[in-house]
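Each remark here refers to the structure printed beneath this line.
Numbers for residues simply follow the sequence, beginning at 1. Bear in mind that the values here come from a model prediction, so they are computed numbers and not experimental data. Every number for a ligand or one of its atoms is a count from 1 in the order of the listing.
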Amino acid sequence: MSKKKVLVAGGAGFLGSHLCEKYIENDFEVICMDNLITGNADNVKHLFNNPDFSFVKYDVTNFVHVSGKLDLVLNFASPASPIDYLKMPIQTLKVGSLGVHKTLGLAKEKGARYLLASTSEVYGDPLMHPQHEDYWGNVNPIGFRGVYDEAKRFAEAMTMAYHRFHNLDTRIVRIFNTYGPRMRLEDGRALPTFVGQALRGDDITVFGDGSQTRSFCFVDDLIEGIYRLSMSDEIYPVNIGNPAEITIKEFAEEIVSLTGSKSRIVYKELPKDDPQVRQPDISKAREVLGWEPKVNRTEGLKRTLKYFEELILKS
Ligand code: UDP
C-alpha cells in the first residue's frame, strides 16, 4: 500500500518545518510548499535527501497544482509575526483569502482532508478570558493587525463554507503563542527579540508597561496537538496552546535570568491594538484530542536558548 501524502503549505516556516518532520515520522509522504518570503529552506534542508520529502517553491495565492493523489492539506502559509504582516499587509490578506481559496480548491479536487492554521488573533483584544472556542472575538477590522486577524477570520469562514457547501472534510486549529527552535531571531516577536537582546547584552525592549499577558506553548506540544486534530473527527475550531499565562514583563525577566544576561529592561510604546490578555481555554482539546501541553516554560526556554545560541555562534 502506498503511503499517505500530505501537502504542507508554508512548510519551510517555523511551524511548517516541524510539521514536515512530524508527518514523515508518522509514515507520510510530504510535499513542502513555500514561497520563502518568511519561510527559510534551511529549516527543511535536513529532509532534502529523504525520499518521502519534496520541496516546491511556490506562492499559494496562485492556482496550485499537485500531481497524483493527496490525502491531506495542511495550510500554514502566511506571515505570522506582527512586524512581518505589518510590513506585508497585502500579501498577508492575499494569502489568507486567495491562498486559502486555492488550497481548499486543491483539497476538493483531490478529495483530501484540509486543516487550516488559524490563530488566537481571531479573538482580537479579547473581552472574554480565558478564550474559549465559542467566543466570537473583538477585532478592529481597520486596525494595523486587522490584515492578519481578519484574513484568518475570513479563512475560517471560507473553510466552513467549503465544509458545508462542498462537504469537504475540514479541520481548524486556533494556534496561540508558540516558541521553539527555528523561530527567526529577527521576526520581531517577544521571545526571539528578548533572547537576542539578552544574549548580546542589549537592552530588553518591553512594550507598554509589560502588564499585558500571553501564554507560550513549546513547539513540540503544539505540533502534537495539530497532528492529533488532523487525525480526529472534530470539524469545529480547536484551541491549541499552553494555558500557563505570564505578563510580558515577567517573561522578559525570566529570559534575563535564564541567560544570565546583564541586560536591563527598558519600556517602549505599546503597539496599537496589542491584546491586553491572552490565554487559551484548552478544555476542548483535552476532551476531543486527549491532548495537553507537556513541556513547561523553563524546559522549553532552555531548549530554545540552545538553538539560538548555536545560531548566533554560526553567524
Ligand atoms: N513585545 C514586547 N517587546 C518586543 C516584542 C513584543 O514587549 O520587542 C510584546 C508585544 O507588544 C506583545 C507581546 O510582547 O504584547 C507578545 O508579542 P509577540 O509579537 O510575540 O506576539 P503577539 O502575541 O502580540 O502576536
Do [X] and [Y] come within less than 4.5 Å of each other through their side chains, counting heavy atoms only?
| X | Y | answer |
| --- | --- | --- |
| D187 | I83 | no |
| V56 | I31 | yes |
| S261 | Q197 | no |
| R214 | P275 | yes |

Nearest protein heavy atom to [atom], by residue and atom, and its distance?
| atom | answer |
| --- | --- |
| atom 11 (O) of ligand 1 | D274 OD2, 2.6 Å |
| atom 22 (P) of ligand 1 | R145 NH2, 3.5 Å |
| atom 1 (N) of ligand 1 | F207 CD1, 3.4 Å |

With respect to R174, which candidate in E156, E133, E234 satisfies the salt bridge (charged side-chain N to carboxylate O under 4.0 Å, His left out) definition?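 Testing each of E156, E133, E234 against R174, the sole residue satisfying salt bridge (charged side-chain N to carboxylate O under 4.0 Å, His left out) is E156.
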
Which is it for [X] and ligand 1 at heavy atoms under 4.0 Å: side chain, backbone, both or neither?
| X | value |
| --- | --- |
| N177 | side chain |
| Q212 | side chain |
| I248 | side chain |
| K249 | neither |
| A190 | both |
| K268 | neither |

Taking the ring of Y162 and the ring of Y114, is the distance between their centroids below 6.0 Å?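 Between Y162 and Y114, which both carry aromatic rings, the centre distance is not below 6.0 Å.
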
Ring centroid separation Y23 to Y227 under 6.0 Å: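 Yes, close enough.
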
Heavy-atom contact under 4.0 Å between [X] and ligand 1?
| X | answer |
| --- | --- |
| R278 | yes |
| G210 | no |
| F194 | yes |

Just wondering, more than 12 heavy atoms not from K3 lying within 6.0 Å of its NZ?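 Enclosed: over 12 neighbouring heavy atoms sit under 6.0 Å from NZ of K3.
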
Can you establish whether the number of heavy atoms outside K302 located under 6.0 Å from its atom NZ is more than 12?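 Open.
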
Give the numbers and elements of all ligand 1 atoms closer than 4.0 Å to a heavy atom of [X].
| X | result |
| --- | --- |
| E121 | 25 (O) |
| T193 | 8 (O) |
| V206 | 7 (O) |
| G188 | 5 (C) |

F14 and N43: which non-hydrogen atoms are nearest, and at how many Å?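 So the minimum-distance heavy-atom pair works out to N-ND2, 4.3 Å.
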
How close do Y135 and M128 get, counting heavy atoms only, and between which atoms?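 Looking at all heavy atoms of both residues, the closest pair is CB-SD, 3.5 Å.
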
Looking only at distance, does T205 have an N or O less than 3.5 Å from an N or O of ligand 1?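 Min N/O separation from ligand 1 is below 3.5 Å for T205.
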
Out of Q276, R214, E269, Q197, who gets a non-hydrogen atom closest to atom 23 (O) of ligand 1?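 Considering heavy atoms of Q276, R214, E269, Q197, the nearest to atom 23 (O) of ligand 1 sits in R214.
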
